[in-house]
Each structure stands twice: as C-alpha cells, then as structure tokens.
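Below you will find the structure I want to go over with you.
It should be emphasised that the depicted structure is a prediction, and the values quoted were computed from it without experimental measurement. Sequential numbering from 1 along the given sequence is applied to the chain's residues.
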Amino acid sequence: MNDRARMLRAKDEKRRAPAWDRIPSATPDRAEPGAAMSDLMVPMRDGVGLATDVYLPAGDGPFPTILTRMPYGKTEPYCFMPAIAGYWVRKGYAAAVQDVRGKWGSEGRFEPNLAAAETPDGYDTVDWIARQPWSNGRVGMWGESYFGFTSYAGAVGGHPALACVAPGDISLDRYRATMRHGCLQLNTVGVWAISMADRTYQDLSKLDCWHLPLKDMANAARAPSGYFDDLMANPLPSPFWEAHSLLAGYESIRIPVLHWGGWYDNYLGPTIADWRAMAANNEDAANQHLFIGPWDHEGTADRLHRVGLLAVAPGTAEARWDTFSAFFDRYLMGLDNGFGAAGPVRYYAMGKDVWRDCAGWPPPGARMTPFYLRSDGRLSGDAPAADEPPDSFVYDPADPVAETVAYDCWALAGEMTDRRAVEARPDVLVYTSEPFDEGIELTGPVAAHLHFASSAVDTDVTACLVDVAPDGGANLIQDGILRCRYRDGLDRAASMEPGAVYALEIDLWSTSYALGPGHRLRVEVSSSNFNRYDRNLNTGEALGEGDAPVTATQTVFHDMARPSHVLLPVHGE
C-alpha cells in the first residue's frame with residue numbers, strides 16, 4: 001500500500017471511530033432508558049422497507065419523537081447514533097434512527113440527495129411514527145450533513161405531525177454545498193460522492209486526488225461512482241441540481257427550524273444563506289434560529305479544544321447538545337423555556353470564548369472596515385495615496401498549494417496547522433499588519449476585493465485571512481476561492497483576456513474571531529488550495545476535462561486607482 005492509500009485508510013478509520021460513548025450534557029436528565037426495538041422495516045408508499053431502530057424512555061408514554069434518517073449505518077461507530085439516541089431518551093424523547101433507502105439495512109436504491117426520494121420517505125416515516133402506540137403524535141427531526149438534508153426534506157414534505165427540525169452542517173442547495181464559486185470541494189464532497197457508491201462504503205484505497213483528467217479519478221481507482229460522474233458533468237446550476245436539492249420546496253416550510261453549523265464547516269456560507277432565506281420567507285421569522293459554534297464538520301473543537309493554533313474553552317460540546325435539546329423542548333415538547341428570547345441568532349466568539357445572542361447576522365456593532373494590500377507586504381488601514389508597484393507570482397497547477405492533501409477537510413479546524421510553511425512558498429503573496437496594541441475582534445462577513453490580472457484564459461484566486469501571534473505562529477481565520485471565469489456570476493461565464501485587469505470579489509463567508517494584544521492580521525493571496533478544491537489547470541477547459549496543465553503569471557495591483565483590500569467586520573470599539 002502506498003503512502004496516499006495509507007493516509008486515506010487512516011482518515012476513513014478515524015471518521016468511523018466513536019467520538020462519544022455518552023453525549024455530554026450540562027442539563028439534568030428527565031428519564032431513564034427503556035425499551036429498544038431494532039431493524040423495524042417501515043413501509044414506504046412504493047413498498048420499499050426502511051430499516052429503523054426505535055429507542056424509548058422508561059415509563060408508559062406516549063412520547064414526542066426525534067427522528068434521524070441517515071446513510072452512514074444506524075449502528076455504525078462513525079456516527080455513534082446509539083449514544084445520540086440515548087441522549088434524546090434521557091431528555092424524555094423517543095428516538096428513531098433510520099437507514100435511508102438503498103443503504104445498510106434498508107431496501108431500495110440509494111440516489112444521493114434526490115429530493116424525489118428523501119422527501120416522500122421522510123413524510124412516510126413521520127406518518128408511521130405518529131401512528132405508533134408509544135408516540136404522542138408529535139415528531140421532530142435532527143441531523144447533520146446528509147441527515148441534516150433529510151431533516152430539511154422532512155420539513156419540505158410538510159407532514160402535520162412534524163413540529164420542528166434541527167438540520168446542521170448542510171444546505172438545501174446541493175449545488176452551493178458542492179461547488180464554491182465554480183470550484184469543486186474535492187477533498188470532502190468529491191471524495192464523499194465516490195465513497196457512497198455502495199450499500200456501505202466504497203473502497204478508496206486506490207484513490208489518487210492528483211489524477212488527470214479529474215473526471216476519470218473514480219474509475220482509475222476502480223471505484224466507479226455515477227454520482228461523481230454527475231458532479232463532473234454539472235459544474236453549473238442545472239436540472240440535475242434542481243432534482244438533487246430542496247430549493248423548489250423550501251418556501252413551503254413554516255415550522256420552526258434550528259439551522260446550525262461551524263465557523264470552519266464546509267457549508268458555513270450556504271447555512272447562513274438558508275437561514276436568511278427562510279427567515280425572510282416566514283411570517284414568524286423568530287422561529288428560524290441560527291446557531292454557529294467553533295466547529296468544523298466533525299466538531300473537532302469539542303474534543304480537541306482548539307481551532308488550529310487557537311485554544312477553545314471546554315464546554316462547547318455541552319453547549320451544542322443542550323442547545324439542540326432546548327430547541328426541541330420549546331417546539332416539540334411545548335415547554336416555555338425561553339429558547340431564543342435573546343434573539344434567533346446564537347454564535348460563539350472565538351478568542352473571547354463566549355456565546356452571544358443577537359437578532360440578526362451580522363450582529364450590531366460590526367463596522368465593515370477595509371484593510372489595504374500595500375507595498376513591501378504591508379496590510380494597512382490606509383489606502384494607497386499614490387502609485388505602488390504590483391506584486392506577481394507564478395502559479396503552476398502541477399505544484400499547487402497542497403497542504404490539505406494530508407488533511408481530512410471535514411475536520412479542518414482539528415487538522416490545520418501553522419501556516420508559515422505555506423506562506424514561504426513563492427506562489428503565495430503575503431501582506432501583514434502592524435501589531436494591534438489592544439487586539440481586534442472580527443465578527444461578521446469577510447470579503448477580499450482584488451484587482452487581478454493573469455496570463456491565462458482562466459485561473460483561480462484564493463484569499464486567506466490569518467491571525468499572526470507574537471511568536472510568529474500563523475492561524476487560519478477564514479478563506480475563500482473564486483474561479484475567474486465566473487467572476488461576474490455563474491450565469492455569465494467568460495474567459496479572461498490575458499493581461500487584462502479585473503476587479504474580483506472573493507467571499508470568505510463569515511467569522512467571529514478575536515485576536516489578542518500584540519497579534520497581527522495577515523492576508524495571503526494565491527491561486528490554489530488543493531485538494532480542498534480541484535485544481536484550475538489554467539486552460540479554460542470544462543471541469544474535470546483537462547490533463548495538460550499550464551503555468552500562469554498572476555499579478556495583484558494595489559495602487560491608488562486599484563486599491564486591493566479585504567473588508568473586515570471590526571466588532572466593538
């Protein structure tokens with residue numbers, strides 16, 4: 001087995017290892033575990049049976065029920081669903097955990113994210129639960145990632161017994177959750193698409209993320225995936241994405257929703273967008289809650305108590321799970337517990353180690369402040385007052401910035417390390433501020449506005465915002481990427497004119513991150529973040545088609561007429 005195969009297998013084993021034997025909680029339990037029923041085959045309207053486990057509290061009931069529908073194996077160690085079900089039971093809920101159709105113990109054929117399957121299957125399962133003698137007729141749904149998608153699908157289905165849902169680390173819009181400004185999230189969603197092409201998990205030991213053309217990567221690894229092929233064939237919004245998203249039905253959702261995610265999750269931007277759209281679409285916008293913690297997709301900060309180099313206080317796991325419980329207590333159990341009274345948005349301020357509540361995003365007190373890229377690698381609050389020479393680098397797709405090849409980007413906050421090795425590369429431009437005497441807090445949306453030219457007809461531009469400690473350690477705050485052919489929008493793809501200067505905006509999503517006294521801000525500009533995203537080969541070919549990369553000379557302008565800058569949400573005084 002080669003090094004890459006060993007790395008992929010180690011990632012797979014780590015992802016399947018149990019994270020908790022017992023879900024942490026700082027609130028009192030209400031019940032003891034009672035009966036458990038395994039592998040009940042719940043009938044769908046087309047006759048397919050879906051394998052379902054039910055866990056009940058001790059006592060006569062009936063009980064409100066929390067349903068989770070997932071493709072990862074309802075008793076497999078990776079998602080530790082028996083422990084999660086035990087948590088719900090101790091809080092007084094029945095818990096139902098189901099393998100989606102075509103996966104593990106369930107019948108039928110699995111088609112990832114197919115709304116036409118997940119929406120009716122969710123409806124039929126809620127209907128089945130509501131008719132059981134142990135059920136009080138009220139159901140909620142909880143889940144993250146794919147089982148967050150099935151929670152949204154349940155809400156779209158609109159069964160009258162479904163009282164509320166709490167989906168996390170996911171989006172109703174599968175296109176935006178897969179492609180970021182035209183770039184495939186390769187390390188995460190791309191690899192996932194291949195691994196899921198089996199009733200359990202497909203063998204990834206021969207997968208080579210460097211393979212070209214990219215569209216043949218799965219077949220070359222003897223791990224064929226029709227869904228991966230579909231991703232390659234649909235790099236832009238299309239009928240395929242309409243069928244594999246829930247956007248057509250989200251306007252029908254009127255029940256309370258807890259949208260949740262993490263500052264380092266792969267779906268942070270779409271999660272905030274979903275919350276904003278649903279809040280705008282509901283007459284009672286206050287029942288649409290947004291909850292963001294110091295997490296990546298795997299919630300590593302709960303166990304490691306850090307995000308990269310930045311320490312995170314203990315207690316985030318308890319805060320996460322007890323927030324879920326409080327949401328269900330209010331909307332499913334009907335308790336007047338004051339959940340959301342301080343505002344529908346709750347977020348964790350990293351570096352301050354506090355939870356805050358507010359009425360919207362960004363919160364009050366965030367001042368959008370430009371920090372300008374200047375000569376000699378400076379990052380300054382002062383705009384250029386005269387001409388300054390531009391900065392250039394050569395991007396070679398055969399030698400991209402590739403730190404994440406060694407990462408599991410689902411666990412980004414736990415994987416990322418000191419960025420100084422990346423910043424030493426000749427194809428990474430670095431701009432650093434003076435130290436902040438009293439520190440600085442950034443809470444809100446982040447964007448980079450760059451004046452950029454390339455010798456290529458298409459290329460990528462990346463921007464990273466970094467916290468630099470007094471000892472020089474460099475920690476990622478947030479980053480973003482833009483495929484330049486989509487600079488004016490996904491519906492207006494256009495090649496670049498070599499040498500022409502374009503004003504580009506790169507969305508770095510959002511953050512809440514406080515830098516301490518003596519720390520500095522840094523901005524990195526480059527053209528690759530592989531394999532977190534696929535490589536742009538600089539040829540202008542369609543996604544996954546090229547196999548002959550070419551180098552490109554990239555230039556960033558930061559003079560008086562073209563003031564490249566990052567726009568940062570400076571919070572407080």
Contacts of Phe530 that satisfy ring pair (Phe, Tyr, Trp, His ring centres under 6.0 Å) - sequence neighbours left out: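 Only Trp210 meet the ring pair (Phe, Tyr, Trp, His ring centres under 6.0 Å) criterion with Phe530.
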Residues, nucleotides or ligands: over 12 heavy atoms within 6.0 Å of Arg420 CZ: yes
Leu214 CG to Leu184 CG distance, which is reported to the nearest 0.5 Å: 6.5 Å
Side chain Lys103, main chain Tyr72, donor-acceptor under 3.5 Å: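 Checking the backbone N and O of Tyr72 against the side chain of Lys103, no donor-acceptor pair under 3.5 Å is found.
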Flag, side chain of Asp216 to backbone of Asn219, donor-acceptor distance under 3.5 Å: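 Not confirmed, Asp216 side chain does not pair with Asn219 backbone.
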Geometric cation-pi criterion, Arg174 with Trp241: 6.0 Å, 45°: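 The answer is no, since Arg174 fails at least one limit relative to Trp241.
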CG-CD distance between Asp427 and Gln554, expressed to the nearest 0.5 angstrom: 9.5 Å
For Asp458, side-chain contact (heavy atoms from CB on, under 4.5 Å) partners two or more places apart: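 side-chain contact (heavy atoms from CB on, under 4.5 Å) check on Asp458 returns Arg483, Cys484, Arg485, Asn536.
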Partners passing ring pair (Phe, Tyr, Trp, His ring centres under 6.0 Å) against His181 (at least two apart in sequence or in another chain):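 For His181, no residue satisfies ring pair (Phe, Tyr, Trp, His ring centres under 6.0 Å) once neighbours in sequence are set aside.
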Verdict with supporting geometry, Thr432 and Arg522, side chain to side chain donor-acceptor pair (under 3.5 Å): CA-CA 4 Å; Thr432 308; Arg522 177 170 291 161; 2.8 Å; yes
Exam field: side chain Asn475 to backbone Val307, donor-acceptor pair closer than 3.5 Å: yes
Arg346 charged N/C atom sitting above Phe291 aromatic ring, 6.0 Å / 45°: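 No cation-pi geometry.
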Test side chain to side chain contact (heavy atoms under 4.5 Å, CB included) applied to Glu403 and Glu415, Arg419, Met416, the passing residue: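 In the set Glu415, Arg419, Met416, the residue that makes a side chain to side chain contact (heavy atoms under 4.5 Å, CB included) with Glu403 is Arg419.
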Donor-acceptor contact below 3.5 Å, side chain Thr555 vs main chain Ser392: no
Spacing of CG belonging to Leu567 relative to CE belonging to Met368, to within rounding of 0.5 Å: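 Here the interatomic distance stands at 4.0 Å.
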Asn187 side-chain N/O to Val191 backbone N/O, donor-acceptor pair under 3.5 Å: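 No; zero donor-acceptor contacts below 3.5 Å.
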Euclidean distance, Glu298 CD relative to Asn266 CG, rounded to 0.5 Å: 9.5 Å
Ring pair (Phe, Tyr, Trp, His ring centres under 6.0 Å) partners of His558, counting only residues at least two apart: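 Expected list: Tyr431.
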Trp361: partners by ring pair (Phe, Tyr, Trp, His ring centres under 6.0 Å), with sequence neighbours left out: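 Trp361: ring pair (Phe, Tyr, Trp, His ring centres under 6.0 Å) contacts with Trp263, Tyr347.
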Steps toward side chain to side chain donor-acceptor pair (under 3.5 Å) verdict (His297, Thr188): CA-CA 10 Å; His297 205 76; Thr188 50; over 6 Å; no
Within residues 371-380 or reaching into it, pairs that qualify as salt bridge (Lys or Arg N to Asp or Glu O under 4.0 Å) - sequence neighbours excluded: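 Passing the test, one end in residues 371-380: Arg374-Glu388.
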Polar side chain donor-acceptor pair, Tyr486 to Asp491, under 3.5 angstrom: no
Asn234-Tyr175 side chain donor-acceptor pair, cut-off 3.5 Å: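 Per modelled atom types, Asn234 and Tyr175 side chains form no pair under 3.5 Å.
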Spatial distance of atom CG (Asp203) from atom CG (Asp198) [nearest 0.5 Å]: 9.5 Å
Name of the residue among Val401, Val394, Thr459 meeting side chain to side chain contact (heavy atoms under 4.5 Å, CB included) with Ser527: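 Per the side chain to side chain contact (heavy atoms under 4.5 Å, CB included) rule, the option paired with Ser527 is Thr459, out of Val401, Val394, Thr459.
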Approximate separation, where rounding is to 0.5 Å, of Leu207 CG and Gln202 CD: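 Nearest 0.5 Å value for the CG-CD distance: 9.5 Å.
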